[in-house]
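Since the structure comes first, as structure tokens, the remarks are kept for the end.
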2 protein chains.
Amino acid sequence: MTSRTPAGETPTGVVRADGLRSPVGHADVPARPGREIPEATVARLPVYLRALTALVDGGTATCSSEELAGAAGVNSAKLRKDLSYLGSYGTRGVGYDVDYLRYQIAREIGLTHDWPVVIVGIGNLGHALANYSGFRSRGFRVVALLDAATTRHEELVAGLEVRPFDELEDIVGTQSVAIGVIATPAVAAQDVADRMVAAGITSILNFAPTVLSVPDGVDVRKVDLSIELQILAYHEQRKTGQLPTEGASA
Amino acid sequence: MTSRTPAGETPTGVVRADGLRSPVGHADVPARPGREIPEATVARLPVYLRALTALVDGGTATCSSEELAGAAGVNSAKLRKDLSYLGSYGTRGVGYDVDYLRYQIAREIGLTHDWPVVIVGIGNLGHALANYSGFRSRGFRVVALLDAATTRHEELVAGLEVRPFDELEDIVGTQSVAIGVIATPAVAAQDVADRMVAAGITSILNFAPTVLSVPDGVDVRKVDLSIELQILAYHEQRKTGQLPTEGASA
DNA sequence: AGGAGTTTGTGAACGGGAGAACAAACTGAG
DNA sequence: CTCAGTTTGTTCTCCCGTTCACAAACTCCT
């Protein structure tokens with residue numbers, strides 16, 4: 001729902017009409033034409049994954065869609081529909097095998113791979129990102145921390161040495177990095193993105209408060225700290241301005 | 001409206017660097033009954049605001065919907081429709097007065113107010129948030145940094161002293177804080193949220209990777225660093241042709 | 001084995017947002 | 001004043017996502 005390629009969106013027949021390997025029997029469902037998972041569903045899969053991991057840690061072996069939906073904070077019907085895009089991994093009358101479903105989701109997202117990641121801009125936020133355990137624990141491996149400021153070079157952050165930004169191309173090339181994280185000030189972000197794209201990166205997570213323009217085929221997702229706060233402020237203002245209820249959000 | 005500002009609260013010359021001034025006799029709350037702004041539009045208003053600020057800084061006085069849409073990275077039709085929810089602030093055949101529109105959007109979001117904010121959890125991320133200039137420049141004023149760990153107390157972060165978490169209720173009460181930011185580990189997040197709600201906070205920005213449950217009337221927005229990366233990984237996996245259901249490519 | 005109870009997976013209705021297209025309104029020149 | 005050119009505001013249509021509701025499928029108890 002956020003920004004993929006602004007206007008690009010060329011649905012060049014990536015239709016993959018492969019025969020969705022049905023578990024047992026029931027091959028009559030004609031292989032869902034082009035098993036394409038809706039964007040909204042993709043955005044929720046990581047949430048389910050986390051909920052499932054929590055259940056595994058809690059020792060739960062199976063769970064119903066109702067339970068899992070509760071843990072994930074969504075409607076159970078939505079959860080079931082989301083999961084149905086992946087296949088039929090549940091058992092009617094029983095529920096889902098927690099560990100099995102967790103693996104299936106992880107595989108679908110691609111977390112069974114190892115994803116090397118570079119982080120550019122090692123300020124406060126870059127520090128936090130480099131130390132964030134949620135990356136490493138999900139198959140994302142920070143292979144390099146880059147910063148343009150020479151004063152930061154050789155500083156040790158999260159066990160990694162901060163390197164000059166100029167080493168970007170070399171690192172991306174030799175380590176096959178596909179994902180880059182931008183945590184620089186806004187003014188530098190577009191330049192960094194250009195360099196990243198030129199070096200071969202095709203997915204960018206942008207924390208800089210600016211709109212990046214990238215060629216088609218490159219995905220950009222934006223995380224904007226202050227925008228979220230502004231959205232809250234809007235609703236807060238409405239609340240205190242005592243507008244008629246109109247059903248609060250969940 | 002008690003303005004007992006903590007001792008160290010001296011923003012480094014960036015108090016409202018946005019230069020937002022209200023025209024004469026502005027109304028505090030838009031209070032536009034019958035006008036309900038769609039959630040998707042609300043989420044884009046901050047983006048427009050930022051683009052407009054950039055235009056102002058660039059010396060542009062007026063702009064067309066096409067220009068502004070370009071700067072914001074959206075479709076011009078969408079932009080016009082979004083703005084139409086606020087009112088008719090443009091001039092046909094001419095465009096929008098950049099400064100005027102900027103003020104109207106800021107007012108609609110509520111950024112003409114001063115929003116005191118508390119941040120709980122002063123780890124790596126909390127540091128980054130406390131130092132993030134994007135908050136202060138948009139009317140958000142960090143009034144307190146709280147952490148449960150006594151080892152962090154009295155540490156100076158962004159000019160503010162880190163205080164014990166137990167002071168939450170007092171600070172929220174005396175400073176009329178409505179917005180809280182959670183940057184704690186996941187296990188602590190729900191407890192912090194409960195305390196925040198009990199103390200009177202009605203909007204929470206949650207950076208902890210967990211689902212918070214709060215009573216009706218309390219808004220929660222979640223920012224999850226690793227989820228965004230996982231979404232990118234999903235698309236990346238698709239691009240490289242390594243489909244999850246192993247190469248069943250036609 | 002058979003029936004009652006549970007839970008998944010999915011077809012269908014529903015609501016909201018995106019984008020195209022156009023009428024209304026403004027500017028400026030002749 | 002009139003007309004051509006420009007740009008907004010709005011309407012209309014389409015599509016995606018959410019939700020409901022129910023048949024299919026499985027377990028358990030008798």
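Both backbone and side-chain heavy atoms feed into the values below; hydrogens, waters and symmetry mates do not. Labels below follow one simple rule: chain letters A, B, ... track the order of the sequence lines, proteins then strands, and each chain is numbered from 1.
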Would you confirm whether the ring centroid of A/Tyr100 sits within less than 6.0 angstrom of the ring centroid of A/Tyr89?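 They qualify: ring centres under 6.0 Å apart.
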Can the ring centroids of B/Tyr132 and B/Phe135 be said to lie less than 6.0 angstrom from one another?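 They qualify: ring centres under 6.0 Å apart.
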Can you find a donor-acceptor pair, distance only, under 3.5 Å between A/Lys81 side chain and C/dG9 base?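 No, no donor-acceptor pair under 3.5 Å.
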Using the salt bridge (charged side-chain N to carboxylate O under 4.0 Å, His left out) rule, pick out the option among A/Arg50, A/Arg138, A/Arg221 that qualifies with B/Asp224.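 Of the listed options, the one satisfying the test is A/Arg50.
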Quickly work out the [X] [atom1] to [N] [atom2] distance and round it to whole Å.
| X | N | atom1 | atom2 | value |
| --- | --- | --- | --- | --- |
| B/Leu86 | D/dG9 | CG | C1' | 13 Å |
| A/Glu36 | D/dG17 | CD | C1' | 14 Å |
| A/Leu79 | C/dT8 | CG | P | 8 Å |
| A/Ile37 | D/dC16 | CD1 | P | 16 Å |
| B/Glu39 | C/dG15 | CD | P | 19 Å |
| B/Leu83 | D/dT10 | CG | P | 11 Å |
| A/Tyr96 | D/dT27 | OH | P | 15 Å |

Answer yes or no: is there a donor N or O on one side and an acceptor on the other, between the side chain of A/Trp115 and the main chain of A/Gly110, under 3.5 Å?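 Yes: the side chain of A/Trp115 pairs with the backbone of A/Gly110.
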Min side-chain heavy-atom separation B/Thr91-B/Asp97 under 4.5 Å: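 The answer is no; the side chains never approach within 4.5 Å.
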Quick check on [N]: is either OP1 or OP2 less than 4.0 Å from any side-chain nitrogen or oxygen of [X]?
| X | N | value |
| --- | --- | --- |
| B/Asn75 | C/dA20 | yes |
| B/Arg80 | C/dA21 | no |
| A/Ser65 | C/dT8 | yes |

Counting the atoms with a prime plus P, OP1 and OP2 as sugar-phosphate, which does A/Glu66 contact under 4.0 Å by heavy atoms, base, sugar-phosphate, or nothing? nothing
Are A/Arg107 and A/Thr112 linked by a side-chain donor-acceptor pair shorter than 3.5 Å?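 Distance-only check fails for A/Arg107 and A/Thr112.
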Return the polar atom pairs (N/O with N/O) between nucleotides 26-29 of chain C and the protein under 3.5 Å, or none.
residue	atom	partner	partner atom	Å
C/dC26	O4'	B/Arg92	O	3.2

Counting side-chain heavy atoms from CB outward, which of D/dT19, C/dG17, C/dG19 is closest to B/Lys78?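 Closest nucleotide to the B/Lys78 side chain: C/dG19.
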Where the side chain of B/Ala40 is concerned, which of C/dG17, D/dT10, D/dT18 is the nearest nucleotide? C/dG17
Contacts under 3.5 angstrom, residues 190-201 of chain A side chains, donor-acceptor by atom type, not counting sequence neighbours:
residue	atom	partner	partner atom	Å
A/Gln190	OE1	A/Ser213	N	3.0
A/Gln190	NE2	A/Asp194	OD1	2.9
A/Gln190	NE2	A/Ser213	O	3.1
A/Arg195	NE	A/Glu169	OE2	2.6
A/Arg195	NH2	A/Asp166	OD1	3.3
A/Arg195	NH2	A/Glu169	OE1	3.3
A/Arg195	NH2	A/Glu169	OE2	3.4

